[in-house]
Amino acid sequence: MNLALEAIWNVIARIPRGQVSTYGDVARMAGLPGRARQTAYALRNAPENMHLPWHRVLGAGGKIVFPKGSAHHREQARRLRSDGVPVKDGKVPPARLMDVDKF
DNA sequence: GAACTGACTGTAA
DNA sequence: ATTACAGCCAGTT
């Protein structure tokens with residue numbers, strides 16, 4: 001088993017509804033500073049049965065990383081709004097970003 | 001082990 | 001605001 005991946009999955013699973021985080025922050029909170037791409041990898045390879053809130057993970061600054069207009073992009077925006085998170089032009093207000101310290 | 005790849009990021013033009 | 005590009009680093013060829 002890969003400890004790093006599980007740490008990342010664990011962090012993502014704890015992101016509360018109505019809030020979001022970023023690849024970089026998730027990695028940092030998982031004890032892997034500077035490894036945003038590892039978060040991306042973990043997300044991409046997450047088992048479906050885990051039901052992770054993957055849509056609450058955004059790029060730096062709160063923007064959806066999927067190409068604008070892509071199916072993934074629309075799906076993520078849809079889920080976020082379903083969470084009550086406002087999405088404007090592929091981005092989310094900074095206030096919605098989870099506080100790393102409180103976590 | 002070299003070369004690529006990518007659901008990333010920060011800087012610079 | 002948008003685009004390019006160089007760092008980044010684990011995983012895959």
Side-chain angles (χ1 to χ4, degrees):
Chain A
M1 294 302 298
N2 189 324
L3 278 290
L5 289 191
E6 297 201 354
I8 291 173
W9 287 332
N10 182 55
V11 169
I12 297 174
R14 295 174 51 182
I15 301 176
R17 180 163 50 81
Q19 289 198 334
V20 300
S21 191
T22 69
Y23 293 87
D25 284 349
V26 168
R28 196 164 34 215
M29 288 185 281
L32 305 168
R35 297 181 218 185
R37 296 191 104 130
Q38 190 64 31
T39 299
Y41 176 86
L43 226 32
R44 168 158 254 241
N45 291 287
E48 171 59 30
N49 56 25
M50 192 177 288
H51 298 124
L52 283 180
W54 59 269
H55 55 286
R56 312 215 259 243
V57 183
L58 309 173
K63 28 184 215 297
I64 296 178
V65 299
F66 292 115
K68 189 180 181 183
S70 69
H72 277 129
H73 185 288
R74 282 194 302 276
E75 172 62 8
Q76 184 163 22
R78 189 186 69 72
R79 290 188 179 223
L80 283 171
R81 283 189 275 253
S82 174
D83 271 7
V85 177
V87 182
K88 171 192 282 190
D89 193 43
K91 296 181 200 170
V92 157
R96 287 289 177 170
L97 293 175
M98 165 163 55
D99 187 338
V100 183
D101 300 320
K102 286 184 179 180
F103 193 82

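Distance M29(A) CE to dC8(B) P: 17 Å, rounded to the nearest Å. Distance L5(A) CG to dA7(B) P: 15 Å, rounded to the nearest Å.
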Q: Under 3.5 Å for both distances, Watson-Crick or G-U wobble, that's the pair rule; now give the dot-bracket for DNA chain B, with | marking pairs to another strand and [ ] for crossing ones.
A: .|||||.||||||
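Closest non-hydrogen pair, R17(A) versus R56(A), comes out as CA-NH1, 3.4 Å.
Here dG6(B) is the nucleotide among dT9(B), dA7(B), dG6(B) with the atom lying nearest to any side-chain atom of R37(A).
Checked by distance alone, Y41(A) brings no side-chain donor or acceptor within 3.5 Å of a matching partner on the base of dA10(C).
Judged by closest nucleotide on DNA chain C, G34(A) is the one of G34(A) and N45(A) placed further toward the 5' end. Mapping V57(A) and G61(A) onto DNA chain B by nearest heavy atom places V57(A) at the nucleotide closer to the 5' end.
Checking the phosphate oxygens (OP1, OP2) of dG11(C), a side-chain nitrogen or oxygen of Q38(A) falls inside 4.0 Å. Side-chain nitrogen and oxygen atoms of R35(A) include at least one within less than 4.0 Å of the OP1 or OP2 phosphate oxygen of dA10(C). Here N2(A) reaches the OP1 or OP2 of dG11(C): one of its side-chain N or O atoms lies under 4.0 Å away.
In terms of modelled atom types and a separation under 3.5 Å, the side chain of T39(A) and the main chain of Y23(A) share a donor-acceptor contact. Of the possible donor and acceptor atoms, one in the side chain of R81(A) sits under 3.5 Å from a partner among the backbone N and O of V87(A). Proximity of a side-chain donor or acceptor of D83(A) to a complementary backbone N or O of V85(A) within less than 3.5 Å is not detected. Using a distance-only test at 3.5 Å, with no hydrogens or angles considered, a donor-acceptor pair links the side chain of Q76(A) to the main chain of H55(A).
Aromatic rings from H73(A) and F66(A) are positioned such that their centres are separated by 6.0 Å or more.
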